[in-house]
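Please read the structure below before turning to the comments.
Hydrogens, waters and symmetry mates play no part in the numbers below; they use all other heavy atoms, side chains included.
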Amino acid sequence: MGCLGSSLPVPNVQELANENISTVPDRYIRPDREATIVSGSDGIPSIPVIGLQSLFDGESALSERERLHHACKEWGFFQVNFHYVVHIF
């Protein structure tokens, strides 16, 4: 797998929340990049969904890993499906 980049060294979210800031810190603004918003059919932005099983499936692993990389890089989070964790309620 190729180089996927690196993270910026930043304070944790709790530290930022405690500062009671009213604007986004400059280090989080990326003017060199156009905002990417993926919308569903209703026009509401859709959270990226990653299938854990697909990450290890020979045929779809590369494309799913690219989707995971994009979700982490562009969104910072994602929804997981096909994780095989039993729901106990």
Which residues pass the side-chain contact (heavy atoms from CB on, under 4.5 Å) test with [X], not counting sequence neighbours?
X     : result
Ser60 : Ser54, Asp57, Ser63
Leu55 : Ile50, Leu52, Glu64, Arg65, Leu68
Gln53 : Phe82, Tyr84

